[in-house]
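Working notes, beginning with the structure itself.
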Amino acid sequence: MSEADGDEVERHDPEVPATKPQPSKHRMGGPGTANPNMAGGEATQLRELWREDTHELDPELAALRDHIFAAFGDLDTEVFRGELTFLVEPERLPDLVRFCKEDADVRCELLSDLSGVHWPGGSRVERAAETTGWPNYETEESEGRIEVDYIMRSITHNHVFRIRTHVSDEEPRMGTVTDLYSAALFMEREVYDMFGVVFEGHPELVRILMPEEWEGHPHRKDYPLGGVEIQYKGGSISPPDQRQY
């Protein structure tokens, strides 16, 4: 075919292979751009992938779950996005943590983290519109509780999972694990300081972030937003729930 025929002729340098350029492996740009790495629907595909994996465990964690079930048969579990969580009553938690540390097949040498979440009782309206644009929504809890999460990690077997318990927010008391993990000395003090959970048997359960004379526990959701009034150049900054936007 010649140029005289009126058809377009592709010209290639004989030294350069006649192949189309391949898209970069690095993601650049965003939705609506011409970048082939961010084609429309990518976020949706990722969400679908997460949903498929929501209730599945890899074989190693599934075997670990079955092994712990054999010792603590009536435990409840949650599986979300490949993460394994054991749910246990606060009275049984120290025994389960001890088993996870001392059993040869579990062997959790590290308590990686210990944290809390407060879920107050009654009806509560979340007003997120001014910060996220999301609509307000209402939640209902029959009674207030404080969740306490323990992140357990094994260096020997290279697995990690969570143990979760909860106590009443009116009288939050449970046993300490400081005799098993020295890191719990400071982690339990922080949960006590921020949420008011009393860890019975802790050798020195005092505040770690707030002054000893401080009233209340700042990470509880019934604690006033802002905490204290802030003075700046003669002006006053109100707590977040009292500001006008």
Side-chain angles (χ1 to χ4, degrees), residues 23-31 35-119 126 128 132 134 137 139 141 145-167 174 177 180-181 183-184 186-188 190-191 194-195 197 219 221:
S24 168
K25 294 181 180 179
H26 302 286
R27 295 182 178 178
M28 299 175 290
N35 179 13
N37 294 305
M38 283 296 288
E42 183 182 58
T44 301
Q45 294 173 7
L46 288 174
R47 286 195 293 270
E48 292 295 336
L49 179 63
W50 289 337
R51 277 198 286 268
E52 291 172 3
D53 188 47
T54 294
H55 301 295
E56 295 182 1
L57 282 177
D58 62 50
E60 290 80 6
L61 276 181
L64 175 70
R65 176 194 57 194
D66 295 342
H67 177 71
I68 294 178
F69 274 172
F72 293 83
D74 56 346
L75 290 177
D76 291 328
T77 61
E78 289 181 353
V79 178
F80 183 63
R81 293 185 180 175
E83 296 182 356
L84 174 62
T85 300
F86 292 95
L87 310 176
V88 64
E89 299 84 359
E91 298 80 14
R92 300 183 66 197
L93 182 131
D95 292 336
L96 178 57
V97 172
R98 180 179 297 276
F99 176 82
C100 292
K101 179 181 181 180
E102 298 179 351
D103 182 82
D105 293 327
V106 186
R107 191 65 70 195
C108 290
E109 299 95 341
L110 293 179
L111 175 62
S112 293
D113 195 18
L114 194 168
S115 60
V117 182
H118 180 214
W119 301 98
E126 295 286 347
T132 65
W134 297 341
Y137 61 92
T139 59
E141 293 286 340
R145 70 184 191 278
I146 298 174
E147 284 183 0
V148 186
D149 289 345
Y150 298 72
I151 307 299
M152 313 294 293
R153 182 179 295 273
S154 173
I155 303 300
T156 300
H157 302 297
N158 193 30
H159 55 236
V160 59
F161 58 92
R162 181 186 296 107
I163 299 176
R164 173 175 294 163
T165 190
H166 69 267
V167 292
M174 58 182 298
V177 295
L180 299 172
Y181 295 101
F186 303 101
M187 295 179 184
E188 289 182 354
E190 183 174 355
V191 175
M194 295 291 103
F195 295 94
V197 177
H219 282 184
K221 293 178 181 177

- Item | Non-neighbouring partners of His166 that pass side chain to side chain donor-acceptor pair (under 3.5 Å), sequence neighbours left out | none
- Message: Test of understanding: with side-chain contact (heavy atoms from CB on, under 4.5 Å), list the residues that count as partners of Met187, not counting sequence neighbours.
- Response: Leu111, Leu114, Ala183
- Message: Go through it in stages, so that I can follow the logic: the residues are Val88 and Phe72, the test is side-chain contact (heavy atoms from CB on, under 4.5 Å), and I'd like the CA-CA distance, side-chain angles, deciding distance and then a yes or no.
- Response: CA-CA 10 Å; Val88 64; Phe72 293 83; over 6 Å; no
- Note on the structure: d(Asp66 CG, Leu61 CG) to nearest 0.5 Å is 11.0 Å
- Query: Partners of Tyr181 by ring pair (Phe, Tyr, Trp, His ring centres under 6.0 Å), sequence neighbours excluded?
  - Reply: none
- Side-chain touch Glu188/Val177, heavy atoms, less than 4.5 angstrom: yes
- Enter the distance from Leu93:CG to Ile163:CD1 here, rounded to the nearest 0.5 Å. 6.0 Å
- Query: Mind checking what makes side chain to side chain donor-acceptor pair (under 3.5 Å) contact with His157, not counting sequence neighbours?
  - Reply: none
- Applied to residues 106-115, the side chain to side chain donor-acceptor pair (under 3.5 Å) test, sequence neighbours excluded, yields Glu109-Thr156, Ser112-Arg153
- Residues at least two apart in sequence or cross-chain that pass side chain to side chain donor-acceptor pair (under 3.5 Å) with Asp58, listed by chain then number, are none
- Query: Which distance, rounded to the nearest 0.5 Å, do you find between the CG of Leu64 and the CZ of Phe69?
  - Reply: 10.0 Å
- Query: Taking atom CG of Asp76 and atom CD of Glu89, what is their separation to the nearest 0.5 Å?
  - Reply: 8.0 Å
- Is there side-chain contact between Leu96 and Ile68, with heavy atoms separated by less than 4.5 Å? yes
- List in chain and number order the residues that pass salt bridge (charged side-chain N to carboxylate O under 4.0 Å, His left out) with Asp74, two or more places apart in sequence or in another chain; answer none if no residue qualifies. Arg92
- Message: Rounded at 0.5 Å granularity, tell me how far CG in Leu180 sits from SG in Cys100.
- Response: 10.5 Å
- Item | Pairwise distance CZ(Phe86) to OH(Tyr150) - rounded to 0.5 angstrom | 16.0 Å
- Please identify each residue that fulfils salt bridge (charged side-chain N to carboxylate O under 4.0 Å, His left out) with Glu60, with sequence neighbours left out. none
- Task: With sequence neighbours left out, write down each residue that passes side chain to side chain donor-acceptor pair (under 3.5 Å) with Arg65, or none if nothing qualifies.
- Result: none
- Excluding sequence neighbours, so at least two apart, what forms side-chain contact (heavy atoms from CB on, under 4.5 Å) with Asp103? His67, Phe99, Asp105, Val106
- Item | With sequence neighbours excluded, residues passing ring pair (Phe, Tyr, Trp, His ring centres under 6.0 Å) with His219 | Phe195
